[in-house]
Amino acid sequence: MRFSRSLKIALLSIPLAVAPALADAVDVETVASGGFWMRDNQLHDIGDLLLFGTGSFFDIGFNYTPLPTQIPLRSAFGEHEGFATRHHVGFLSSYPVKENRYLNALVWFERSGWDSEDYFFFPQYSDFGLVRSVTTWGLGYTDVKRGYSVAAGMQHQNVEFVGDVFPAENDSLLYSWANLRYGRISAQVQFHRTDFRLLRLSFDLEDRAVFGGASSGIRTYLPNIDATLYKRRLDGSDEDFIRVNWEQNLYGQRLYAEVTYDFPDDGFHSAALKFYPDPSRFFAFEVTCLRRRVMADNWDDLMLGWAVEMPILRVGYNAANEYDHLFHAKGTWILEFHFNLESLNDMLFAKNGRQAIELETTQIKRKNTPNKPAETTPLTGAAEGSSGTASKTITAKGIRYEKSGQTSNTQGGK
Amino acid sequence: MRKSVRNLLVVAAMLACCSVLSGCLSHWFVDSSTRLQVENRTEYTIYGIDIVSEDGTEFRPWILDTIPPGTRSRVYEEDWVGTFRVRVNWTHEDTSFVELDFEGGSQYLVISIDDDGQALFEFK
């Protein structure tokens with residue numbers, strides 16, 4: 001206990017000590033384009049969750065960078081001290097309407113940006129800040145027997161504040177999305193008004209115990225591949241590209257490799273080796289390699305990073321996930337306080353977990369307890385075995401009445 | 001099980017408190033704006049101080065006063081905290097540029113000329 005406590009203190013104090021020396025600024029352009037990746041990230045998460053569509057999911061988290069020198073902003077004028085922030089919450093719920101048929105409701109919310117002061121609810125909106133949020137909601141229908149699900153909804157992007165140094169942004173953008181799944185193959189589309197924006201095809205072929213598949217064997221080594229066609233405009237011209245993501249189980253659903261590749265021009269984007277001590281994915285150790293592209297300087301390099309994920313806390317240093325989703329922040333430890341939980345039937349597991357976590361059940365044995373099982377206790381107070389009218393009994397799983405002493409005491413627990 | 005859940009709730013409550021207060025707490029020891037006052041210890045009149053972009057194509061005025069020799073400007077508060085390029089407009093030469101690190105809070109900048117005729121910028 002003492003060791004784990006000192007470990008926690010050490011973990012928290014290290015970023016405080018080294019952050020200022022290693023800080024790298026985030027660019028105005030990456031903060032300005034953050035909304036694009038925020039919307040994509042939410043849809044990607046939703047696509048993963050609709051693979052089952054019969055359970056529920058909850059996810060909350062916020063990045064914590066305690067020092068203003070940790071993630072400064074680089075604008076045309078120089079380096080501004082301040083805070084990059086990102087808060088998110090996600091919720092999916094399923095409701096059975098008939099046997100094997102479910103309705104789903106989901107809401108995802110994320111608020112992120114950069115400001116001179118850190119905040120949780122009320123930003124300062126300084127001259128050089130940018131704060132925006134994206135809300136995605138939707139409704140779905142899942143038929144377990146036929147193995148398909150349909151979901152659709154809207155996505156709202158709201159710009160709360162744009163500082164002087166950022167390009168002018170449209171302050172309210174409305175998108176629609178739809179997700180269609182048959183078996184393990186899903187398609188996802190996104191539109192801005194009538195303009196097509198995104199098409200994602202996902203093949204989640206790996207067998208997962210949480211979906212009723214195998215927990216070991218050759219079928220768990222099948223790949224999960226998704227390919228996304230992004231349609232976007234950069235500097236007034238079309239910059240369409242396809243991003244392919246390959247996730248591969250390497251050993252017993254505990255060791256995974258992930259590769260992301262951009263077609264046709266950009267090539268290798270990132271690779272990761274992830275180790276989950278338990279397939280329920282509450283803990284993770286990641287080593288990532290990401291190709292940075294700095295177009296202005298016409299060079300690119302490979303950046304190695306790592307991250308450790310635990311329930312409640314994630315710590316990352318130059319990890320691909322933080323780089324991609326926190327405005328290309330790097331060169332500093334980034335903490336994220338988070339919690340996520342998926343529940344499906346009686347199983348609990350973390351986001352994208354492959355197997356349920358094994359919960360430990362402790363049975364407390366009391367003194368003077370008769371050494372025989374007493375799952376069913378007559379409520380009438382009559383002694384066991386006595387004749388007479390049939391006594392009412394309740395058989396309840398999970399509730400245990402325990403007798404004490406010789407008298408038949410029916411007050412459970414006394 | 002029940003104890004671990006309780007511990008988890010305590011930790012979650014503590015985190016929630018920290019997170020709600022995080023912005024407020026940092027304001028106690030971190031300034032997100034600079035209140036700048038400039039003293040002119042040269043023999044030339046300064047008629048404005050700006051922040052200029054690194055490529056020289058944009059500028060934002062900061063000190064709007066004319067500061068005669070031996071006097072000081074009024075205090076102007078702006079959101080400049082970090083490292084920026086400062087331009088001094090004066091009668092000494094066309095303009096002077098210097099890169100200065102603004103820590104935020106109340107800062108008093110003294111501009112003087114050394115023996116070699118170079119402009120000196122010091123925070124006092």
Side-chain angles (χ1 to χ4, degrees), chain A residues 1 4-5 8 12 23 25 28 60-83 85 87 114-129 163-165 296 310-313 335-339 341 359-364, chain B residues 1-5 7-35 49-62 76-87 97-105 107:
Chain A
M1 190 65 190
S4 69
R5 201 166 142 197
K8 277 178 208 161
L12 286 170
V28 160
I60 190 165
F62 66 97
N63 284 107
Y64 186 60
T65 51
L67 296 170
T69 47
Q70 214 173 333
I71 307 181
L73 176 77
R74 168 153 285 283
S75 77
F77 293 98
E79 243 176 50
H80 307 257
E81 289 178 9
F83 302 84
T85 50
H87 308 151
W114 190 97
D115 204 9
S116 295
E117 290 182 4
D118 56 347
Y119 63 91
F120 200 71
F121 293 115
F122 308 107
Q124 194 214 4
Y125 300 134
S126 73
D127 287 352
F128 311 105
D164 297 344
V165 291
M310 297 164 273
I312 296 183
L313 182 66
L335 272 64
E336 186 187 16
F337 292 105
H338 74 129
F339 181 74
L341 191 67
L359 294 172
E360 220 172 87
T361 310
T362 312
Q363 288 201 4
I364 300 164
Chain B
M1 183 67 193
R2 188 178 291 173
K3 196 181 174 189
S4 63
V5 168
N7 288 345
L8 199 71
L9 284 175
V10 170
V11 171
M14 281 167 61
L15 287 176
C17 289
C18 290
S19 62
V20 169
L21 292 173
S22 64
C24 311
L25 287 175
S26 72
H27 304 168
W28 294 356
F29 52 88
V30 172
D31 281 294
S32 59
S33 62
T34 303
R35 297 182 297 280
I49 290 178
D50 315 319
I51 300 291
V52 183
S53 68
E54 288 172 337
D55 61 3
T57 57
E58 285 181 74
F59 81 100
R60 300 285 157 90
W62 192 345
Y76 287 89
E77 181 174 3
E78 293 288 343
D79 286 345
W80 298 106
V81 180
T83 309
F84 307 104
R85 205 165 166 224
V86 174
R87 180 175 74 180
F97 294 97
V98 64
E99 195 154 277
L100 290 178
D101 191 10
F102 296 98
E103 294 170 354
Q107 294 202 280

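Reminder, nothing fancy here: chain letters follow the sequence lines and each chain counts from 1.
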A.B. asks: Using a 3.5 Å distance criterion without hydrogens, assess whether the side chain of B/D79 forms a donor-acceptor pair with backbone atoms of A/S126.
C.D. replies: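 Pair absent, no side-chain N/O of B/D79 close to backbone of A/S126.
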A.B. asks: So which atom in B/E58 and which in A/A76 form the shortest heavy-atom distance, rounded to 0.1 Å?
C.D. replies: OE2-CB, 4.1 Å
A.B. asks: At a heavy-atom separation under 4.5 Å, does A/P72 approach chain B through its side chain, its backbone, both, or neither?
C.D. replies: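 Neither part; nothing is under 4.5 Å.
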A.B. asks: Find out whether B/F102 and A/E81 are in side-chain contact, i.e. whether some heavy atom of one side chain is under 4.5 Å from a heavy atom of the other.
C.D. replies: no
A.B. asks: Are B/R60 and A/D127 ion-paired here, with the side-chain N under 4.0 Å from a carboxylate O?
C.D. replies: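 Salt bridge absent between B/R60 and A/D127.
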A.B. asks: For the CD atom on B/E99, are there more than 12 heavy atoms of other groups (residues, nucleotides or ligands in this structure) within a distance under 6.0 Å?
C.D. replies: yes
A.B. asks: For B/R35, give me all partners under salt bridge (charged side-chain N to carboxylate O under 4.0 Å, His left out), at least two apart in sequence or on another chain.
C.D. replies: none
A.B. asks: With sequence neighbours excluded, tell me which residues meet ring pair (Phe, Tyr, Trp, His ring centres under 6.0 Å) with A/F77.
C.D. replies: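 Listed in chain order: B/W80.
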A.B. asks: Give, as side chain, backbone, both or neither, the part of A/D164 having an atom under 4.5 angstrom from any heavy atom of chain B.
C.D. replies: both
A.B. asks: Between B/E78 and chain A, with a heavy-atom cut-off of 4.5 Å, which part of the residue counts as in contact: side chain, backbone, both or neither?
C.D. replies: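 For B/E78, the contact with chain A is made by the side chain alone.
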A.B. asks: State, to 0.1 Å, how close A/S75 and B/E54 come at their nearest heavy-atom pair, and which atoms those are.
C.D. replies: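 The answer is O-OE1, 4.3 Å.
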A.B. asks: At a heavy-atom distance under 4.5 Å, which candidate from A/G82, A/G78, A/P68 has the highest pair count against chain B?
C.D. replies: A/G78
A.B. asks: What's the separation between atom CD in A/E117 and atom OG in B/S33, rounded to the nearest 0.5 Å?
C.D. replies: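 Answer for the CD-OG pair, A/E117 versus B/S33, is 8.0 Å.
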A.B. asks: What part of B/V81 is in contact with chain A, defined as an atom under 4.5 angstrom from a non-hydrogen atom: side chain, backbone, both or neither?
C.D. replies: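 Both parts, backbone and side chain.
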